[in-house]
Amino acid sequence: MRTPRPIPAGPEPLPERLGAPDGARLVRRIRHQLFAALAAANLIGAAIVIACITWVLPGTPDAEFTGQLAVANALLGGAFLLVVIPLGVLWGEAWLRSGRRWLQEGREPTEREVTAVLRSPGRLFLVHATTWFAAAVAFSLANAIVDVELLPRVAFTVVLGGLTTSGFAYLLSERILRPLASAALSMHTVVKPKLPGVVARTLLGWMLGNGVPFTGLAITAIFALAQQDATATELAVTMLVLSCTGLLVGWWITVLGARAVADPVSSLRHGIARLADGDLQTRIEVYDGSVLGLLQAGFNDMAAGLEEREHLRDLYGRQVGDAVAADALSRGVELGGEECEVAVLFVDVVGSTAIASTRPPEEVVTLLNRFFAVVVDEVHQRGGWINKFQGDAALAVFGTPATDDDAAARALAAARAIARRLPEDVGELAAGIGVAFGTAVAGQVGHENRFEFTVIGDPVNEASRLTELAKTYQPMVLASSNAVHAAGPFEGSLWRSAGSAELRGRSRATQLFQPV
């Protein structure tokens with residue numbers, strides 16, 4: 001059974017990302033926004049409920065009792081605003097305080113504190129639902145003093161209004177608390193979802209946006225049928241007001257519920273679009289504690305993996321050449337090779353032992369890097385690739401893995417360019433250069449756990465021997481006759497015969513050529 005994928009922590013600790021003063025300011029701003037939004041939602045909800053009890057619901061008391069009913073509800077509403085609501089606020093503050101103390105103190109949150117942050121909307125829902133249930137009891141008893149028949153009607157009205165208002169509180173607080181959730185999730189790993197998922201949120205939106213208003217209409221109709229004293233006008237007014245209120249409230253709750261699901265999905269869509277455009281550093285904000293948050297974190301994991309993969313691919317391409325890297329990706333771990341016509345260029349520094357013994361290591365490395373920069377630049381410009389660096393020497397190959405009919409001409413041109421640039425760019429060093437051409441085996445050699453793409457054959461050995469011999473010539477560049485003849489008339493005309501010599505380890509003489 002697979003373990004749930006964690007929501008990863010951010011790469012930087014809190015003091016580097018959000019210090020204690022910044023955290024305190026963020027907490028103050030969220031508290032002010034949360035208080036204003038929840039106060040407005042409760043005041044609107046209370047006003048609608050009191051208006052429905054006093055004037056809208058069918059069977060409202062006669063005119064002489066209407067004034068008494070309005071006064072009683074107003075007094076009770078004032079008492080709730082002055083006593084019960086502040087107690088509910090303190091209760092909610094006590095629950096929320098544990099989820100934001102870490103931010104005010106400028107430290108990383110604990111698992112318990114992250115859970116408290118993510119579950120804050122649910123706790124506020126519970127606070128509001130409890131407060132409104134207490135209001136249902138109090139208002140029902142107070143209105144029953146005026147007319148006992150009002151008790152069930154008032155109780156259902158306040159309960160349904162309270163559920164709707166509590167749903168508003170949940171959705172509004174979830175949206176307002178996103179910066180706090182984002183800060184927590186950026187620094188601490190969460191393994192399991194802490195909030196309802198897409199299905200639960202959709203059902204919650206339906207229940208509060210549609211189920212509660214329709215239930216209210218059904219209960220109103222039941223009361224009207226039971227009492228049988230409601231006029232057609234009263235019923236029409238009741239249905240019209242409740243329907244319009246239900247449409248407005250249902251629309252608002254549906255929008256908030258849909259945005260709670262759509263916003264994380266939209267951030268994923270934008271992130272995927274940026275990723276598809278090649279921005280591998282794309283990351284999206286993780287602020288949801290549900291499965292959508294796990295999806296957001298999964299996207300960031302995927303983007304980080306792609307960035308790392310591209311970085312490794314780039315490094316591998318720089319080490320062996322783009323063509324070899326592409327060939328290795330297509331071959332996989334398959335070992336072996338195939339025969340092909342290749343041109344091999346070998347470059348070796350003259351007097352490297354003396355240089356290493358008379359200069360500091362850092363200076364030697366810097367000097368060699370300047371030397372190799374010239375070699376790599378000229379080889380890559382002409383379609384070759386560096387097979388390996390051997391201390392103070394470099395082996396370049398032309399004609400594989402991509403077949404090239406001009407391999408010999410490109411290798412000879414690179415040799416001339418290197419010989420021309422080295423005295424200008426790296427005057428402290430001299431180097432012998434040898435170029436050979438012939439049939440070799442190119443492929444992956446080694447073991448499936450550790451192998452490399454290389455070229456094995458007579459051209460490699462010949463180029464190495466030519467480089468040794470070239471150090472005794474001026475200029476220090478030698479090419480075999482096979483390479484010059486295979487290069488074609490234009491490049492061949494730029495080389496002249498330099499006699500012949502029997503290279504070390506070979507039984508027959510090799511015709512030598514030097515640049516004109």
Side-chain angles (χ1 to χ4, degrees), residues 30-46 48-49 80-81 84-100 112-137 155-181 184 190 192-213 215-216 246 249-261 263-264 287-293:
I30 291 176
R31 288 179 63 186
H32 294 158
Q33 292 177 354
L34 196 60
F35 178 80
L38 297 183
N42 280 278
L43 288 175
I44 294 173
I48 293 175
V49 168
F80 261 80
L81 289 176
V84 179
I85 297 300
L87 289 177
V89 170
L90 292 177
W91 184 18
E93 276 288 307
W95 267 0
L96 297 180
R97 193 177 299 117
S98 63
R100 64 180 182 230
R112 187 173 182 178
E113 288 170 333
V114 174
T115 302
V117 170
L118 298 178
R119 290 180 176 172
S120 295
R123 291 178 172 182
L124 290 175
F125 176 86
L126 181 59
V127 169
H128 282 74
T130 304
T131 304
W132 275 88
F133 180 78
V137 174
F156 279 112
T157 303
V158 178
V159 168
L160 294 180
L163 285 175
T164 303
T165 306
S166 300
F168 269 122
Y170 176 86
L171 295 172
L172 288 173
S173 61
E174 186 182 46
R175 191 169 189 85
I176 294 172
L177 289 171
R178 280 182 183 177
L180 194 59
V190 174
K192 296 181 180 180
K194 304 295 183 180
L195 293 179
V198 176
V199 175
R201 290 181 180 180
T202 304
L203 291 176
L204 178 66
W206 175 87
M207 182 182 70
L208 299 177
N210 297 288
V212 170
T215 302
V249 172
W251 171 81
W252 195 8
I253 287 184
T254 302
V255 169
L256 290 176
R259 289 293 299 273
V261 175
D263 287 347
Y287 54 79
D288 196 285
S290 69
V291 292
L292 294 173

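For the pair Ser173 and Ala169, the tightest heavy-atom approach, listed with the atom from each and the gap, is OG-O, 2.7 Å. The shortest non-hydrogen separation linking Ala129 to Ser166 is N-OG, 3.2 Å. Between Glu174 and Pro121, the shortest heavy-atom distance links the atoms CA-CG, 3.7 Å. Of all non-hydrogen atoms in Ala41 and Phe168, the two that sit nearest each other are CB-CB, 4.4 Å.
The side-chain contact (heavy atoms from CB on, under 4.5 Å) search around Ala136 returns Val158, Val159, not counting sequence neighbours. For the side-chain contact (heavy atoms from CB on, under 4.5 Å) test, residues two or more places apart in sequence or in another chain that qualify with Ala37 are Leu172, Ile176.
Atoms CZ and CG, from Arg175 and Leu177 in turn, are 12.5 Å apart once rounded to the nearest 0.5 Å. Between the CG atom of Leu118 and the CZ atom of Arg123 there is a distance of 10.5 Å, given to the nearest 0.5 Å. In this structure, OG1 on Thr165 lies 10.0 Å from CG on Leu43, to the nearest 0.5 angstrom. How far CZ of Phe125 is from OG of Ser120: 15.0 Å, rounded to the nearest 0.5 Å.
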Evaluate the criterion side-chain contact (heavy atoms from CB on, under 4.5 Å) for residue pair Thr131 and Asn42; output intermediate values, then yes/no. CA-CA 11 Å; Thr131 304; Asn42 280 278; over 6 Å; no
